[in-house]
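Structure record follows, encoded as structure tokens.
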Amino acid sequence: MPETPDEDLLLEQAGSGDTQAIASVFESYRERLRRTVKLRMHPQLQARLDASDVLQDTFFEFARRLPDFTQQRPMPLFAWLRRLTIQQLDQLQRKHLGAEKRTAFREIALVASPSQDASVVNLATQLAGQFTSVDRNLLKAEVQSKLFEALSHMEEDEREIIAMRHFEELSTQEIAEILGLTRSGVLKRYTRAIRRLRLCILDDSSNAPY
Amino acid sequence: MTSEDSHSGASIEHDLIDELADEYVSRQQAGEAPLISEYCAKYPELAAEIRDLFPMLSVLERAKSDLLTADTKPTPPPDRVGGYELIREIGRGGMGVIYEARHTAVDRRVALKILPQRLSSDPRSLARFEREARAIAGIHHTNVVPLFEFGRDQEHYFLVMQLIDGVSVDKLIQRLPNESKQVSLQSIAMQLAAESPSCEFDQDASGNERDNNGIRDVPATRATNTSITNRYRQIAGIGNQIASALAYAHKRGIIHRDVKPSNMIYDRHGVAWLTDFGLAKTDDEDLTQTGDFLGTLRYTAPERFRGECDGRSDLYALGLSLYELLALRPAFEASDRLQLVRSIERGSPAKLSSIDPHIPRDLETIVCKAIEHVPDARYESAADMAGDLLNFLSDQPIRARKMPMSEKLRRWRRRNQSLANALALLILLSILTIVGAVAASFREAGLRNQAVDALSIANSSRQALQQTLYFAEMNLAAEAILKSGIPRVSDLLQHWTPREGLPEMRGWEWYFLNALCNRHERIFTPAERVLRFHAVSWSPDGERAALAQDNGDVSVWNVSAGSLAHTLESPHAAVLSLDWSPDGRFLAVGYRQHTLSIWDTETWEVSREYQQPQGEVLGVRWSPNSKHVAFGNGNDLYVAELAGDAMPSRIGEEAEIFSITSIQWSPDGTHLFAGNWWQNRGGLWNLAQGQRVRDIPGWFVRFSDGQPDIALWISSDTTGRLQVWDDKSERPLNTLLGHTASVRCLEWSPDGNLLLSGSDDRSLRIWNAQTFQLQDELLGHPNQVYAATWSPDGKRILSVGEQRAALLWQCDEGTLATLGTLTTRTQCIDWHPHGNSLAVIGRDGAVHIWDLADGAKRHVLTDYPMAAESVRWSPSGMKLATADRPGSVRIWDAEDYTCLRSIQAHDMEAIAVAWSRDEKWLASSGGDKKLFIWDLERNERNHKMQLMHGARCLAWNRGGDVLAAGCDDGSIEIWDQEVGAIVGRFKAHDLPVEDLSWSPDGTSLVSCSTDDLAKVWSMPDGIQQIQLMGHSGPVWNVDWSPSGQRIASSSRDGSVRIWDPITGSQVMALSSIRRSGEFWSVRWSPSGKQIAAGTSTGEVNLWDATRGYAETQAGE
């Protein structure tokens, strides 16, 4: 999603310290960022941490760093915001899980999710809920474990693409920018991943789950 | 992007379908509802693939956006919710309406909060509600309102909490300006609770304590005694309790974020409770929705406008709440939000001392430190603040210091610089609120599903609920035992005696608490018309005891047999005091009707009687040589000489100003000290001069050895605080904190090493007479304790009070008693299989054997050159195995403690040893990363394994064919003895595995680690079943109880915790009575009735539930 001229203007105003503009820019991405957070939050922490906490931290960081960003524009706005969000989430998660467990999380890179495990579990849970609400014959636990397995065995970037495309609602172009791939490369991986996922669900059940 | 984009080459169809899929998803995300058939018609050559692929895409989209449409029409509150009958509304907040409710099956009154309908259709609020529940469920603290349950009944989501009998602190603040400072906060709270039953918490089922005005009778003497200073102390007490609750929560990573007076409840016992955990977040939307934004903003720490928030922000809010309690007005007042923020940003509120000059300086300093503008200038932690408030309460120097002026100026400048920035951000925040509230609604399908799942699971089974409730109440009971006393604990215990519809759920913790409630050995119950005993005295040989009855008789008992020996009937009303003469010949008895009688203990006849025209005889004491008896009649002190016929002489001419309740003779018999516990006064009389020579602001003394000089004296107040004063310097030496109500009796043990105190708080406490540390608590009196006294040998205690029984206690076998003190750390403990001795390693490297049956006699394994690392009894109890730092593994004879065998096993230190059940194999591991299996029958090495990482702990299963080894890298290796190889290996922890224990049935294994966790694994597959989460420091030891029902763990955080292995719930936390250091080791006794735990300070704590099991058997 390229930044519209309107947004460009708004961003300029925001960068020069127009507080209302800052809030409006952030607000327009708030829901997508919330999904990013929800999807990637470590299941253990969901009781302690709320997406709003992370977003609030992100917002203040965003307001602080915005002037620098508008001058340099090193990457698309959303990609940058998303990265900020993941950084804030990661910081909070580390704080909560304790420094000793740092090894459990990968060091944060531009691309990597702070907790791959978390996104798999969360993805599987959400998907499983969907399947079972559609088809009562499928036991939720069964579906969930199948999905979990399928997602675990998937290439990491394929799984990331599904998460970004559907749960964070990123366009294939945005995903390509974030992952450093061509758009067609993203598209190929995406459909391949979907096919795999489908096969895994249909594996030994003759009923289509949809 | 359109589907017309195409690329050359063979993959063109693939590229097209990729593009189509992408377009399909984009259209859905844009809010369209594209038809699959439309795509099939347009691209027939791809139709098959489209039909395959696209439905999956829709499913993925729906997984995110599926939303149940909620019924939004308002409905009246239900009569019943999930097994609770709603009685009436008692409170209302943005996040729910609070009702008083009754659990119909268990018949208990609770506070039940229902999420309002408009919010229960909002996934965000649901999630918040659920999070509140989870947050509180993890907090077991006496000052946090405990959660019993959360669940859903049809469309109602609800939380069930303990019903607190008190008022919220904001209501207290509103009332205080109209009240005299002489009146205690407690009585104001009770009055308030009585006045407004409809909006705040009313009395619980035991509310019969009230009279018709709703105010409990406060004895006049106490009310006048409550000085203005007491008001400040009570406020500091509230601060201390809330700060310790916050410390507890912060340690668990939970920040309250909405500490304010309306979230604190003050109950009729003077206990402060913190509520509404996890409810309010800084998230602006919610605050505006609840309409209590200003209410919350007033207590918001300045850094939170900058988006920073940690535990210190809670301290700021607590500080402001205390400020308001002291000043009786808010620190910052403003009618609108911006103005308020501006004044918070500007900083310091008016000086407390300028508002009320009586506020103690130290207390003001503490509050000032808590509300420092910059977080770094505040207390570092809630524990620090709680500690400093305690310092204030115990009259110790506080740690907080006033800031010098220069520093103040510097801060002021800095602050004003940041003001502009902060205001800018605040404006942002306001805008965010409006935009965000609209944007955020109804869009979190996944979140909602999760919340619904969690709630329905919680709802799924009644038994699971009961179990949750059981665990919550056991934690509560363990916390309550020191603060609320036995009756509350007994109540909680009684909820769980099995009956129709309530299956057996009790575990060790229940029996342990039951043992604590029943520590007394024998109960002497008198004739029916007796309601209470006022005094008690032992015969000098310790065989008999005399009890003063309120019907005017004295009963004399054979203590060992527990039988009534004599009843000394008299025509007088109530016996108030008595004392057995040191030579055993006479019993002096003081009556309410100004009479003292001397009974001959051979004939049991009155040999002498002294009567005064008025007064009552509350105190009597024989001189050390048995020749004189001193007694107080009303305000006057008399001494009677037994020889001759002279009438007793009054000592001192003037009428004295206090009633005499206790008398002490100086060791040389020349002086008398008399005191009064409720007036907290005393005086010293010189018998030769016949007059009072000193006045003392206390009522109990210790004389210097053999001298008539007072060495120290003790004073008390109505809050149960005792203070020890040095007589020479007249400065306080020590403050004895523990009792929560007036202390009526004090007595030094016969050897002078201990001090016994009995209190209205229904407890007896034993203090070290040198250090004045609390040594033991005796709990079991259902009401006030009036008198308690040591047996002549100092091994037993008899106590009486407001009940129809006298209790006899053994004080050398206390449930909480420690076995003694080793010179160094006790890092390893093992029980003899017969349960009669303990092997303990100190850091001195010696292995100490404690014979429990034989009065904890100690053996030390000799000819032992260097530090032992591990010691294990053989399963038959005939031998001991040790591993030591020089690398040897030794086997010892358990009869005479000689070394039978010594193997130089490891190149580096030997760390662990383990016997197989049949004593055929002994496994050892060492720092050389080797694992050996020794064949003890053939005296040879059976196997040798080089491990990847060193194994710190070893455990054979019951069959003796599988050995688990916990390794330094956090993995667990499984050795199969029949195969003779490592057959399994799984990663258990991120940090080294410190200890392992098999479940008795061999199907599970529990491990613990420096990563603060213990985990239960199903064996042999090594799948994690549950995590035991709660320790806030490395877990050193875990042990599965012999019954398999519980797991015990010990940790650096200073606690031993008991867990349910199925649900992973914490059932109880135990701490050292001296609150000393970390727990290095913990082991269940073979009977499963006792737990021994070693601390870093070298004590072994023994928690014994044996009596609790016996009591239950006898009772049922």
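All values derive from a computational prediction rather than experimental measurement. Lettering follows sequence order; numbering is per chain, from 1.
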Checklist entry - Roughly how far, to the nearest 0.5 Å, is OG1 of A:T172 from CD of B:E19? => result 7.0 Å

Checklist entry - Once you round to the nearest 0.5 Å, how far does OG1 of A:T191 lie from CG of B:D52? => result 12.5 Å

Next on the checklist: Could you report the tightest heavy-atom contact between A:K188 and B:D15, atom names first, then the distance?
Outcome noted: NZ-OD1, 3.5 Å

Item to check | Interatomic distance, B:I17 atom CD1 to A:L187 atom CG [nearest 0.5 angstrom] | outcome: 11.5 Å

Checklist entry - Do B:D22 and A:R183 touch side chain to side chain, with heavy atoms closer than 4.5 Å? => result yes

Checklist entry - Where do A:I194 and B:L53 come nearest, in terms of heavy atoms and distance? => result CG2-CD1, 3.5 Å

